[in-house]
Amino acid sequence: MTAELILGKEISQEIYGELEARIAALKEKGITPGLAVVLVGDDPASQTYVRMKGKMCQELGMHSDTIIMPGSTTQADLLARVDSLNKDPDIHGFLIQLPLPKHIDEQAVINAIDPSKDVDCFHPFNVGRMLVGDPEFLPATPAGVQQLLIRSGIETDGKHVVVVGRSNIVGKPMAAMMMQKAEGANSTVTVVHSRTKDIGSITRQADILIVAMGRAGFITPDMVKEGAVVIDVGTNHIPDPNSKKGTRLVGDVDDNVKEKASAMTPVPGGVGPMTICMLMSNTVHAAERTYERKCSQ
Ligand code: NAP
């Protein structure tokens, strides 16, 4: 069996088309959805992500603001910036690019974001709403994975989903979303992590295997059931003397798994393009909600 590829690049274009129509409708009402991204320090990977977010806002005709603060920024200064973004009427959603420098308490900064502008869906209020099945926003990467499943026509109802990884950004919300009574969910979910014994014995039970660990090629064919759907969230830069940069991007799933899976996401071009797409979608949603609130006043 050779896996059908689930192409996030194509599916994200479909969603961008839908967003363009929603943005045009907002603009007719005098609202331009606005996203701000705050970058503290000069981490090169974070700089790339921030640039990509700004560029996508521009392409969609959204307002974007990139705020770059030095690595020496104090927690008080960053909290003051969060406060001003909370009050900025042109900004419907904003995020603080993670990771933050070690001297800043990440959770304290996330807690200071107005939940109605928390388009990353990291604020405990939004995490709680997602968990009780009444989400305002969904976190971008897990939401992107769910859209890949829905839009590829992959049945999740009653399926055994195994999530590898339990981070607050991917693994935990992914597991919580897949167990909801909702479209693209209703699954039986198992989560494995670094303390799990004999991971392969569990991943082999997965109808849908979602991997978010940050370990290049960790999931090998012997860890996957014949015909499983495999979603690879991992992004790892490994040495490659044949590449100009000297490295290349690979996922957490070994390439040979595609001979066993029925469908699989490539890296790059799978989950990656969906993350920014869902962030844009959350920002448009935030702008729509702001308009609705204004109308009901
Ligand atoms: P993270 O915070 O480092 O979490 C990694 C998780 O994997 C942890 O729960 C860890 O277990 C588990 N893990 C690590 N090594 C393991 C092992 N040998 N056996 C079993 N479990 C293991 O990373 P993350 O933020 O979730 O991201 C995961 C990957 O996804 C990274 O490669 C990241 O770059 C990528 N990512 C991609 C996108 C995208 O848009 N494509 C977005 C977000 C993240 P413990 O909890 O026990 O330590």
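Both ligands and their constituent atoms are indexed starting at 1 by order of listing.
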Of all the non-hydrogen atoms in the protein, which one sits nearest to atom 32 (O) of ligand 1, and at what distance?
-> T235 N, 3.0 Å

Please state which protein non-hydrogen atom is closest to atom 26 (O) of ligand 1 and give its distance, to 0.1 Å?
-> S167 OG, 2.5 Å

Looking at G165, which atoms of ligand 1 are within less than 4.0 Å of one of its heavy atoms?
-> 6 (C), 7 (O), 9 (O)

Which ligand 1 atoms does T141 reach within 4.0 Å, using its non-hydrogen atoms?
-> 40 (O), 42 (C), 43 (C)

Tell me, do D207 and V161 make a side-chain contact under 4.5 Å, heavy atoms counted?
-> no

So which heavy atom in the protein is nearest atom 39 (C) of ligand 1, and how far is it from that ligand atom?
-> T275 OG1, 3.7 Å

Shortest protein contact, atom 22 (C) of ligand 1 (heavy atom only) = M213 CE, 3.6 Å

min-distance protein heavy atom vs atom 48 (O) of ligand 1 -> S194 OG, 3.6 Å

Go through the steps for D65 and D90 under the test side chain to side chain contact (heavy atoms under 4.5 Å, CB included), then give the verdict.
-> CA-CA 10 Å; D65 201 355; D90 293 333; over 6 Å; no

Applying a strict 4.0 Å limit to heavy atoms, is G171 in contact with ligand 1?
-> no

Nearest to atom 6 (C) of ligand 1 by heavy atom, P268, A212, C277: which?
-> A212

Considering the heavy atoms of F218, write down every atom of ligand 1 situated less than 4.0 Å from one of them.
-> 18 (N), 19 (N)

Min N/O separation R166 to ligand 1 under 3.5 Å = yes

Tell me which protein heavy atom sits closest to atom 44 (C) of ligand 1, plus the residue, atom name and distance to 0.1 Å.
-> V170 CG2, 3.8 Å

Note the single closest protein heavy atom to atom 15 (N) of ligand 1, along with its residue, its atom name and the distance in Å.
-> R215 NE, 3.2 Å

Test side-chain hydrogen bond (donor to acceptor under 3.5 Å, both in side chains) applied to R215 - qualifying residues, sequence neighbours left out | none

Taking it one step at a time, do M62 and M280 satisfy side chain to side chain contact (heavy atoms under 4.5 Å, CB included)?
-> CA-CA 9 Å; M62 287 166 48; M280 298 298 139; 3.9 Å; yes

Is it true that E18 and R22 make a salt bridge, defined as a side-chain N closer than 4.0 Å to a carboxylate O?
-> no

Ring pair (Phe, Tyr, Trp, His ring centres under 6.0 Å) partners for F94, two or more places apart = none

Do Q58 side-chain atoms and G54 backbone N/O form a donor-acceptor pair below 3.5 Å?
-> no

How close do A216 and I238 get, heavy atom to heavy atom, and via which atoms?
-> CB-CG2, 3.8 Å

Between the side chain of D252 and the main-chain N/O of M213, is any donor-acceptor distance below 3.5 Å?
-> yes

Could D83 and K87 be called an ion pair, given the rule that one side-chain N must be under 4.0 Å from one carboxylate O?
-> yes

What part of I199, side chain, backbone, both or neither, has a heavy atom within less than 4.0 angstrom of ligand 1?
-> side chain

Return the residue, atom name and 0.1 Å-rounded distance of the protein heavy atom closest to atom 37 (C) of ligand 1.
-> V233 O, 3.1 Å

